[in-house]
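Contents: one structure, followed by commentary.
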There are 2 protein chains.
Amino acid sequence: MDWDDMRIFLAVARADSLSAAGRRLGIDASTVGRRVLRLETALAVKLFQKTPQGYSLAPEGERLLPHAETIEAAMTGASEALSGPGGISGQVRIGAPDGCANYLLPQVCARLCAAHPGLEVQIVALPRVFNLSRREADMAIAVSRPTAGKAVIQRLTDYNLHLAAHEDYLSGHPPIRTRADLKGLRMIGYISDMIFDRELDYLAETGVERAALTSNSVSVQMQAIRAGAGVGIVHDFAIPFCPGVRRILTDEVSLTRSFWLIRHADDRSSQRMNRLAEALAQGLKAEVARLQGLVPVETEMSPAGRT
Amino acid sequence: MDWDDMRIFLAVARADSLSAAGRRLGIDASTVGRRVLRLETALAVKLFQKTPQGYSLAPEGERLLPHAETIEAAMTGASEALSGPGGISGQVRIGAPDGCANYLLPQVCARLCAAHPGLEVQIVALPRVFNLSRREADMAIAVSRPTAGKAVIQRLTDYNLHLAAHEDYLSGHPPIRTRADLKGLRMIGYISDMIFDRELDYLAETGVERAALTSNSVSVQMQAIRAGAGVGIVHDFAIPFCPGVRRILTDEVSLTRSFWLIRHADDRSSQRMNRLAEALAQGLKAEVARLQGLVPVETEMSPAGRT
DNA sequence: CCCGCCCTTTGCAAAAATGCAAAACCCTTT
DNA sequence: AAAGGGTTTTGCATTTTTGCAAAGGGCGGG
């Protein structure tokens, strides 16, 4: 029996298909299929049920899974026991909502990679909750603290959101001094049925009923605002990336949210993951603080300033 | 990184040489060497120091070892999680002192194999203590309860030993009625400097100073007695195998010893090993009882009986 | 209803791993 | 001092594994 087949088994169990597992492993799907077959014959059990859309764990495979995960944990533990207390290395896949993925992670991860030459970071921006248990990512950043599951959770940093619009848009409209002045302006926000987390329902919190231009991506929303399409809620840390975009009504509408880092319970004792998480938390916190400090502090009456 | 290389690493670490590891794994030594090399390059560490008499673990390898053992345990755990509560299967290597290995284990293990078709038993008869931590055997039978180590220990069965000689030898010598009558008879026993366990120093216990014909193997001693070479201490359970050998002075000289089963601490939670140990214990106990019951109960005055 | 996409499976050629035999080495023994 | 038994290492033929391309199937959208 080839121990390495357990590695392939684990990938297939998580990917639910030979081809997806092959993509993630970097080997051909046919090889994956043959390895699974070999394992099944070696163990003399049927590990998967073959459905038209892929492989799904059979009861026997379900029983095998925890053992395979134990082996995987021991395997990574072995690697990091030898790599010593030096730098962080290897591959890590971080899932994040796209605001974080666009405006924060690139710089933070770039610094991380520079500091640790052996480190390889993959940023997966997705407008949905991650399925960590299937290892779609090694760690995920979320906008709310998950309640279920036995994951390892830590608060990364707080951040602020405010209403904002491009100065060109503002100068073409009556000045906005109170919340009531928003009436009749074109609002930019989330596609309502694609809000995957209650915390993202910013506009509802401000009392705006309906947005006219919507997207499931905050980065797209930001681009819309930058293009002068209207008014929307944006992350303060994104504003420095969009010259000309100014916050409005900062006294009346101000939201605070937090990023949370979610990790596998299995990784709790992983030296590498712990250090990685710590570095990520520090980097994100510092970057949010830096970016929020760059946002021009406009007085209510002087929306115009530098470019 | 190929997880299967950990299996090879483990074997080399235990065998202390590529060739020995290859023999145990059933693959060529050159392949073993290449796999180790591949693992070392994958981990970028030197796992072994190459000595003229083989490979020995380098400090880095020492750190890797516990992880490899964890993986091994998970691996066997995986197998037995799937094999279900049916029979016992797989390979097991049992080390035993040669008296046990010759007169008890063959029948007991034969029955075990018959009851569990998938089971493959290897009996290693060796006149020395086993090094279980290096997996020279999966379990070992010993004549005394070991004090050191964190092994799993259980008492298997008690057994008796008595002085015995062949009836042809007895009829050619004056009758033996007391211990003093032994004086001048040729004694058969252990080679004194090869006694590997205090419990084996039977003759000293009887007051005999020196044996004239000695061996490190109780089975050889038994053959000598059967050939009429003299008087010696033998296991009662061995007597039925040697027609013509009769016990003497049973009232004055009678020893009782115990067999102990020693297993790896790592195997403590292994369903398979537990069941195997239980079956072995029951089988041995029953076989000792059966064989001791076959020993003719001779009166002091009538050494002659049936063949 | 058919077309396209994604999945698995199969056949075949290329690549990789393996076993074997020989060489080189060290230690012990004669 | 040389021979013998143990080890590892190396070169080469063979076997095994792998990747690629094509084929076969089911599901969903136009």
Side-chain angles (χ1 to χ4, degrees), chain A residues 1-43 45-58 60-61 64 75 124 126 128 131 134-136 193-194 216, chain B residues 1-43 45-62 64 124 126 128 131 134-136:
Chain A
M1 175 170 170
D2 192 315
W3 288 11
D4 198 53
D5 288 343
M6 287 300 247
R7 188 167 59 91
I8 276 74
F9 163 79
L10 205 48
V12 176
R14 284 170 178 159
D16 271 339
S17 91
L18 297 186
S19 41
R23 275 190 296 275
R24 196 164 305 182
L25 292 171
I27 60 181
D28 195 82
S30 58
T31 302
V32 177
R34 285 183 280 239
R35 297 280 289 266
V36 168
L37 192 69
R38 185 171 71 177
L39 184 64
E40 285 182 331
T41 57
L43 294 172
V45 293
K46 187 161 70 270
L47 294 172
F48 295 95
Q49 303 158 294
K50 298 156 181 68
T51 75
Q53 47 270 22
Y55 273 38
S56 92
L57 272 181
E60 315 276 29
L64 183 58
M75 213 70 206
V124 182
L126 274 185
R128 61 180 178 82
N131 189 342
R134 301 200 155 251
R135 287 270 175 182
E136 291 179 9
D193 60 305
M194 291 190 73
N216 65 328
Chain B
M1 176 168 169
D2 192 315
W3 288 10
D4 198 54
D5 287 343
M6 287 300 248
R7 189 167 57 91
I8 275 74
F9 163 79
L10 206 48
V12 175
R14 284 168 177 160
D16 271 339
S17 92
L18 297 184
S19 41
R23 275 191 295 276
R24 196 165 305 181
L25 292 171
I27 61 181
D28 195 83
S30 57
T31 301
V32 177
R34 285 185 278 240
R35 297 281 288 267
V36 169
L37 193 68
R38 186 172 71 177
L39 183 64
E40 285 182 330
T41 57
L43 294 172
V45 292
K46 187 161 68 270
L47 295 172
F48 295 95
Q49 314 164 273
K50 297 158 181 69
T51 76
Q53 47 271 20
Y55 272 40
S56 94
L57 272 180
E60 315 278 28
E62 209 76 65
L64 183 59
V124 183
L126 275 185
R128 60 181 180 83
N131 190 341
R134 300 201 156 251
R135 287 271 175 181
E136 292 179 8

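Hydrogens, waters and symmetry mates are skipped; everything else that's a heavy atom, side chains included, is used. Residue numbers start from 1 in every chain, and the chains themselves are labelled A, B, ... in the order their sequence lines are given, proteins ahead of strands. Nothing here was measured: the structure is a model prediction, and the numbers come from that model.
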ask   = Between A/Ser17 and B/Pro52, who's closer to the 5' end of DNA chain C by nearest nucleotide?
value = A/Ser17

Does a side-chain N or O from [X] land closer than 4.0 Å to OP1 or OP2 of [N], or not?
X: A/Tyr55; N: C/dC6; value: no
X: A/Arg23; N: C/dC7; value: yes
X: B/Ser30; N: C/dT18; value: no
X: A/Arg38; N: D/dT17; value: yes
X: A/Ser19; N: C/dC6; value: no

In whole angstrom, what separates [X]'s [atom1] from [N]'s [atom2]?
X: A/Phe48; N: C/dT9; atom1: CZ; atom2: C1'; answer: 16 Å
X: A/Ile27; N: C/dA16; atom1: CD1; atom2: P; answer: 15 Å
X: A/Arg7; N: D/dT17; atom1: CZ; atom2: C1'; answer: 14 Å
X: A/Arg35; N: D/dT17; atom1: CZ; atom2: C1'; answer: 9 Å
X: A/Asp2; N: C/dA17; atom1: CG; atom2: C1'; answer: 12 Å
X: B/Asp28; N: D/dT16; atom1: CG; atom2: P; answer: 15 Å
X: B/Asp4; N: D/dT17; atom1: CG; atom2: P; answer: 12 Å
X: B/Leu18; N: D/dG6; atom1: CG; atom2: P; answer: 16 Å

Is any side-chain heavy atom of [X] closer than 4.5 Å to a side-chain heavy atom of [Y]?
X: B/Asp4; Y: A/Met1; value: no
X: B/Tyr55; Y: B/Lys50; value: yes
X: B/Leu10; Y: B/Arg14; value: yes
X: A/Leu43; Y: A/Phe9; value: no

request  = Determine the contact category for B/Gly33: base if any of its heavy atoms lies under 4.0 Å from a base atom, sugar-phosphate if only primed atoms, P, OP1 or OP2 are that close, otherwise nothing.
outcome  = nothing

ask   = Which part of the nucleic acid does B/Arg34 contact within heavy-atom distance under 4.0 Å: base, sugar-phosphate only, or nothing?
value = base

Pair A/Arg34, A/Ser30: side-chain N/O donor-acceptor within cut-off below 3.5 Å = yes

inquiry  = Starting the side chain at C-beta, find the nucleotide from C/dG19, C/dT9, D/dT9 nearest to B/Thr31.
reply    = C/dG19

